[in-house]
Student: 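Input: one structure, supplied below.
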Amino acid sequence: MATTTSNKKYYPTALSLYFAYVILGIASSIMGQYKTEFAKAWGATTLSNGTLDVSMVVSVIAAYGLGRLIAYPFAGPISDKVGRRFSGFIGIALYAAFFFGMISVHSMWFAYAIGIMNGIANSFLDTCVSPTVMEIFPNAASIANLFTKFSVTVAQFILPFLIGWVAAANLSYQVIFIACGILMVIDAILVLILPFPKANKVAKSAAAKGQHHFSGAALASILIGFTSSATFMIWLNCNQELGTSYGIKDPSILQSFYAVGAMIAVLLTAQFIRMGLKETTVLVLYPSISVVMLLLCYVITSPFILYVGSFVLGYAAAGGVLQLAVSTTVTFMPDSKGLATSLVMIASSVANYAVLSLAAYLTKTMGGSAPRTIILLNIVITVIGIGLALVVKHHDRPTTKTVAAKA
């Protein structure tokens, strides 16, 4: 990623923020990996088919979206007006509290409150990290934002191995939570002492200042935050039950295939954008690939298709579509990156809460048939996302400059 010489002093800041996203990646998926353990800790009942009712854990995961929805309306303006550092510190500190808190409660409702706090933490971190890295790397803003997703997928790739190591060592799953909490405390201290670039310094031109373009395309770009998030959040949090129903003995391995696909997507997509591929083209192409893969996972009920599907959906659904929706929305609001990030992430938060709450309801009421029904839900939402992306592409605006400037 290209940058100016004066911006090199911000490299440690960028690294600390990307590292926060590594731990965020663990926070966003670890609850789904320990559904049974948390359900037992919270006194879950056994369903008629003999399995433990994990719907309460899915509901707590959905609370993450509610927390984001609560915080984003003011997290973005705080980031723009008070400062990125303040927003980032709040987000990282609350993540530390999430990791320590979730293993300390024994009630689903206390856990639900902590799940909401998790979402609030994500809101403040998002509205710090995305604008900051785009300001540190102004000549490669979309690519810089894509690498927030790369940081998340690195965590999601290593998490199954951490889970396996903890199990092999006969340690409690709480060890991972404690370690992540400590790391977030350290990162919060770094954010307090490292330098930050001046907010919006690359956006306040005479042509751009004060202009917000709330056209149909801008609205569609914001709403892609909903559809793109729903696609990967449904798969990420519900693929274990689907894997079990298809006969996979250890469905947690699907997480690694998913994460590898997402990591490769970020690297390749960054290169494609450097070569001139428009962000709006990616917003159409990747969800189209996701729909085809979801259909195959619905029609072909074999373990093999889920391994392939996890990789492909990691690539196409979780490989940066949400981040590119943010970058595209910023082109409509170039002087308010924090606000633009908030709007897309509000849509993402609605998806996280509403869709996962619906998935929890389906899991509780439909039993064994729920996983495949949830696939159909995911297909419908992703098709809507393709339609929104076509609207954005039809009204294509000049995209964020991503080709590296010559030295």
Side-chain angles (χ1 to χ4, degrees), residues 1-27 79-80 82-93 95-96 121-122 124-158 180 182-204 262-275 279 319-320 322-324 326-327 330 334 337-338 340-341 400-407:
M1 293 181 290
T3 187
T4 63
T5 302
S6 62
N7 276 9
K8 289 184 178 180
K9 65 182 178 182
Y10 301 124
Y11 281 6
T13 306
L15 287 174
S16 70
L17 296 177
Y18 283 131
F19 179 76
Y21 261 66
V22 172
I23 308 301
L24 181 155
I26 293 177
S79 175
D80 283 334
V82 179
R84 313 292 189 216
R85 185 195 307 278
F86 182 72
S87 182
F89 176 78
I90 291 176
I92 295 171
Y95 263 117
N122 192 179
F124 278 97
L125 197 57
D126 277 347
T127 54
C128 162
V129 177
S130 289
T132 300
V133 297
M134 292 169 73
E135 288 158 356
I136 292 174
F137 303 102
N139 296 317
S142 290
I143 295 173
N145 202 29
L146 268 177
F147 272 85
T148 63
K149 184 62 183 183
F150 184 80
S151 302
V152 171
T153 55
V154 166
Q156 292 172 342
F157 174 73
I158 65 174
C180 289
I182 292 171
L183 289 172
M184 276 306 211
V185 169
I186 295 171
D187 205 44
I189 295 171
L190 291 175
V191 166
L192 284 177
I193 62 177
L194 291 171
F196 274 70
K198 185 179 179 181
N200 298 321
K201 68 177 183 178
V202 299
K204 291 186 177 180
M263 284 190 289
I264 292 174
V266 171
L267 297 175
L268 288 182
T269 305
Q271 183 59 34
F272 293 154
I273 291 175
R274 285 181 182 274
M275 295 168 62
E279 290 90 337
L322 177 61
Q323 287 69 32
L324 290 179
V326 171
S327 300
V330 164
K337 294 185 181 72
T341 302
T400 305
K401 188 176 181 181
T402 58
V403 180
K406 293 183 180 180

Student: Side-chain donor-acceptor pair under 3.5 Å between Glu279 and Ser142, yes or no?
Tutor: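 Indeed, the side chains of Glu279 and Ser142 share at least one donor-acceptor pair under 3.5 Å.
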Student: Please lay out, stage by stage, how Leu17 and Phe196 fare under the test side-chain contact (heavy atoms from CB on, under 4.5 Å).
Tutor: CA-CA 11 Å; Leu17 296 177; Phe196 274 70; 4.2 Å; yes
Student: Taking all heavy atoms of Arg84 and all of Cys128, pick out the closest pair and write down the distance.
Tutor: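 Where Arg84 meets Cys128 most closely, the heavy atoms are O-SG, 3.2 Å.
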Student: I'd like to check the ring pair (Phe, Tyr, Trp, His ring centres under 6.0 Å) partners of Phe157; sequence neighbours left out, ordered by chain and number.
Tutor: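 Only Phe161 meet the ring pair (Phe, Tyr, Trp, His ring centres under 6.0 Å) criterion with Phe157.
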Student: Atom CG in Leu24, atom CZ in Phe19: separation rounded to 0.5 Å?
Tutor: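 Spacing of CG (Leu24) from CZ (Phe19) equals 12.0 Å.
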Student: Could you report the tightest heavy-atom contact between Leu146 and Gly320, atom names first, then the distance?
Tutor: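 Smallest interatomic distance, heavy atoms only, reads CD2-CA, 3.5 Å.
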Student: Which atom pair, heavy atoms only, marks the closest approach of Ser87 to Phe124?
Tutor: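 Here Ser87 and Phe124 meet closest at OG-O, 2.6 Å.
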Student: Do the non-hydrogen side-chain atoms of Phe147 and Leu267 ever get within less than 4.5 Å of each other?
Tutor: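 Yes, side chains in contact.
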Student: To the nearest 0.5 angstrom, please state how far the CZ atom of Phe89 sits from the CG atom of Asp187.
Tutor: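 Interatomic distance, Phe89 CZ to Asp187 CG, rounded to 0.5 Å: 11.0 Å.
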Student: Quick one: closest heavy-atom pair of Thr153 and Phe150, and the distance?
Tutor: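 Heavy atoms of Thr153 and Phe150 come nearest at OG1-O, 2.8 Å.
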Student: Say you draw a straight line from CD1 of Ile26 to CE of Met184; how long is it, rounded to the nearest 0.5 Å?
Tutor: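 Spacing of CD1 (Ile26) from CE (Met184) equals 9.0 Å.
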Student: Roughly how far, to the nearest 0.5 Å, is the OH atom of Tyr95 from the CG atom of Leu183?
Tutor: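 If we round to the nearest 0.5 Å, Leu183:CG and Tyr95:OH are 14.5 Å apart.
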Student: Report yes if some heavy atom in the side chain of Asn7 is under 4.5 Å from a heavy atom in the side chain of Pro138; otherwise report no.
Tutor: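 They are in contact (side-chain heavy atoms under 4.5 Å apart), so the answer is yes.
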Student: Donor-acceptor pair, distance only, cut-off 3.5 Å: does the side chain of Arg85 make one with the backbone of Val191?
Tutor: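 Here the side-chain-to-backbone pair exists.
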Student: How many angstroms lie between atom OH of Tyr21 and atom OG1 of Thr148, to the nearest 0.5 angstrom?
Tutor: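 Output value for this atom pair is 5.0 Å.
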Student: Do side-chain atoms of Ser16 reach the backbone of Leu190 as a donor and acceptor pair under 3.5 angstrom?
Tutor: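 Not confirmed, Ser16 side chain does not pair with Leu190 backbone.
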Student: If every non-hydrogen atom of Glu135 is compared with every non-hydrogen atom of Pro197, which pair is closest and at what distance?
Tutor: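 That would be CB-CG, 4.2 Å.
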Student: Quick one: does Pro195's side chain get under 4.5 Å of Tyr10's, heavy atoms only?
Tutor: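 A side-chain contact exists here, since the closest heavy-atom pair is under 4.5 Å.
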Student: Tell me, do Asn145 and Phe137 make a side-chain contact under 4.5 Å, heavy atoms counted?
Tutor: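 A side-chain contact is absent here, since even the closest heavy-atom pair is not under 4.5 Å.
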Student: Is there a side-chain contact (heavy atoms from CB on, under 4.5 Å) between Ile273 and Leu324? Walk through the geometry before answering.
Tutor: CA-CA 11 Å; Ile273 291 175; Leu324 290 179; 3.8 Å; yes
Student: Output all residues satisfying side chain to side chain contact (heavy atoms under 4.5 Å, CB included) with Ile186, sequence neighbours left out; order by chain, then residue number.
Tutor: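 Once residues adjacent in sequence are excluded, the partners of Ile186 under the side chain to side chain contact (heavy atoms under 4.5 Å, CB included) criterion are Ile182.
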Student: Hey, could you give me the CD1/OG1 distance between Ile143 and Thr269, rounded to the nearest 0.5 Å?
Tutor: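 Going from the CD1 atom of Ile143 to the OG1 atom of Thr269 covers 10.0 Å.
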Student: Which heavy atom of Gly88 sits nearest a heavy atom of Leu125, and at what distance?
Tutor: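 In this case the closest contact between Gly88 and Leu125 is O-CD1, 4.1 Å.
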